[in-house]
Amino acid sequence: GENVEQHPSTLSVQEGDSAVIKCTYSDSASNYFPWYKQELGKGPQLIIDIRSNVGEKKDQRIAVTLNKTAKHFSLHITETQPEDSAVYFCAASIGDYKLSFGAGTTVTVRA
Amino acid sequence: IAGITQAPTSQILAAGRRMTLRCTQDMRHNAMYWYRQDLGLGLRLIHYSNTAGTTGKGEVPDGYSVSRANTDDFPLTLASAVPSQTSVYFCAVQGPYGYTFGSGTRLTVV
């Protein structure tokens with residue numbers, strides 16, 4: 001099955017700086033790569049996703065890049081704010097079914 | 001409000017006891033999933049259902065069972081709980097804009 005590795009496990013950034021989280025996947029057939037944000041006591045919430053026919057996607061301060069050859073994808077958060085503090089998960093799947101998740105990254109934005 | 005309801009919110013359970021975690025959606029989507037979340041391991045798929053009447057095993061199915069009698073409900077049953085099943089359990093529904101997760105059930109098996 002699919003194996004998704006995520007780094008780093010924790011990330012502390014100064015408010016206003018950028019944060020980058022990286023993930024690798026094992027199954028070259030995977031073609032759907034979403035990112036989820038989980039706040040304390042809540043379920044994960046989709047923040048952005050990318051499909052294998054696209055190399056980059058942006059949504060305001062968030063961007064995701066995909067390198068199919070190297071089988072890795074990254075989440076970029078610019079101009080970080082305190083409300084960006086959360087746990088972030090990457091995931092991968094073939095189609096949209098049965099997502100395999102990374103272990104998560106705890107992001108702390110320092111004021 | 002459309003979404004997913006999980007119950008109970010939390011539970012302390014004696015080892016060996018049977019427990020059913022409930023998940024109900026009102027979005028009328030076909031695919032539903034159960035994940036467990038453990039520190040350092042992320043979310044791991046337990047069981048899934050592509051549509052009412054069908055279920056399948058995920059990455060960590062041992063000790064768990066599911067049923068899908070209708071579109072809305074997808075209960076997860078622990079037949080005889082063990083301490084290693086202490087975890088936070090999330091139900092998810094797959095819609096056209098990705099997965100929607102419930103708020104989770106925090107289960108402690110003692």
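In the text below, chain A, chain B and the rest are named by the order of the sequence lines, each starting its count at 1.
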Closest non-hydrogen atoms of B:Gly40 and A:Ala103, given as atom of the first, atom of the second and distance, are O-CB, 3.4 Å
Would one find more than 12 heavy atoms of other residues, nucleotides or ligands at under 6.0 Å from atom CZ of B:Arg106? no
With a 4.5 Å cut-off on side-chain heavy-atom distances among I, L, V, M, F, W and Y, is there a chain of contacts connecting A:Tyr32 to A:Tyr25? no
Which region of B:Leu41, side chain (C-beta onward) or backbone (N, CA, C, O), has a non-hydrogen atom less than 4.5 Å from a non-hydrogen atom of chain A, or is it both or neither? backbone
For residues A:Val20 and A:Ile77: do they belong to one hydrophobic cluster (side chain heavy atoms under 4.5 Å, members Ile, Leu, Val, Met, Phe, Trp, Tyr)? no
Chain B heavy atoms under 4.5 Å from A:Gln38: which part of the residue, side chain, backbone, both or neither? side chain
So, the part of A:Pro34 with a heavy atom under 4.5 Å from chain B: the answer is neither
Taking A:Leu99, A:Leu46, A:Val4 one by one, which has the highest count of heavy-atom pairs under 4.5 Å against chain B? A:Leu99
Is it true that atom CD of A:Glu2 has more than 12 heavy atoms of other residues, nucleotides or ligands lying nearer than 6.0 Å? yes
Around atom CD of A:Glu15, are there more than 12 heavy atoms of other residues, nucleotides or ligands at under 6.0 Å? yes
Go through the atoms of B:Tyr99 and report whether side chain, backbone, both or neither lie under 4.5 Å from a heavy atom of chain A. both
Verify the neighbour count for atom CZ of A:Arg51: are there more than 12 heavy atoms of other residues, nucleotides or ligands below 6.0 Å? yes
Shortest non-hydrogen separation from A:Gly43 to B:Phe90 and the atoms involved: CA-CE2, 3.4 Å
Chain A heavy atoms under 4.5 Å from B:Asn50: which part of the residue, side chain, backbone, both or neither? side chain
Within the 6.0 Å centroid threshold, strictly below: B:Phe101 and A:Tyr36: yes
Hydrophobic clusters here meaning ILVMFWY residues chained together by side-chain heavy-atom distances under 4.5 Å, can you tell me if B:Val60 and B:Tyr48 are in one? no
OH on B:Tyr35 to NZ on A:Lys98, rounded to 0.5 Å: 9.5 Å
Residue part contacting chain A, namely of B:Gln37, when any heavy atom lies under 4.5 Å: side chain
Using a 6.0 Å cut-off, check whether atom CD of A:Gln14 has over 12 heavy atoms from anything other than its own residue. yes
